[in-house]
Peer 1: 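Handing you a structure now.
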Amino acid sequence: MGDRIDELLHLVEVDPDSLREAEFLQAQSILEMMVGKTIVAAEMEETRIVITTDDGNKYFFYGFLGNR
């Protein structure tokens with residue numbers, strides 16, 4: 001049982017820099033899709049930023065954006 005718990009705890013360990021890099025790449029991809037669209041609303045929520053474009057689509061940006 002102890003070995004199983006150790007395995008599960010290892011899965012919980014996350015490298016913040018890796019998360020930041022993954023989120024940066026995701027944000028970059030979303031921004032590329034938004035080229036040519038008009039932003040009609042932007043909301044800052046507790047855990048994300050929501051951008052709405054004039055075609056009604058919503059784009060979500062989550063934590064770990066920071067500076068690169």
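This one's a predicted model, so the numbers in the text were calculated from it and none came from an experiment.
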Peer 1: Which residues pass the side chain to side chain contact (heavy atoms under 4.5 Å, CB included) test with Met34, not counting sequence neighbours?
Peer 2: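 Once residues adjacent in sequence are excluded, the partners of Met34 under the side chain to side chain contact (heavy atoms under 4.5 Å, CB included) criterion are Ile30, Leu31, Ile39, Ile51, Thr53, Tyr59, Phe61.
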
Peer 1: Do Ile49 and Met33 land in one hydrophobic cluster if side-chain heavy atoms of ILVMFWY residues count as linked below 4.5 Å?
Peer 2: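 Per the 4.5 Å side-chain linkage, Ile49 and Met33 are co-clustered.
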
Peer 1: Identify, with sequence neighbours excluded, every residue that meets side chain to side chain contact (heavy atoms under 4.5 Å, CB included) alongside Glu45.
Peer 2: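 By the side chain to side chain contact (heavy atoms under 4.5 Å, CB included) rule, Glu45 matches Glu43, Arg48, Val50.
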
Peer 1: Quick one: CD on Glu21 to OG on Ser18, what's the gap to the nearest 0.5 Å?
Peer 2: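 Going from CD on Glu21 over to OG on Ser18, the span is 8.5 Å.
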
Peer 1: With sequence neighbours left out, write down each residue that passes side chain to side chain donor-acceptor pair (under 3.5 Å) with Thr38, or none if nothing qualifies.
Peer 2: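 Expected list: none.
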
Peer 1: Can you measure from NZ (Lys37) to CG (Asn57) and round to the nearest 0.5 angstrom?
Peer 2: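 Lys37 atom NZ to Asn57 atom CG measures 5.0 Å (nearest 0.5 Å).
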
Peer 1: Asp17: what forms a salt bridge (Lys or Arg N to Asp or Glu O under 4.0 Å) with it, not counting sequence neighbours?
Peer 2: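 Arg20.
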
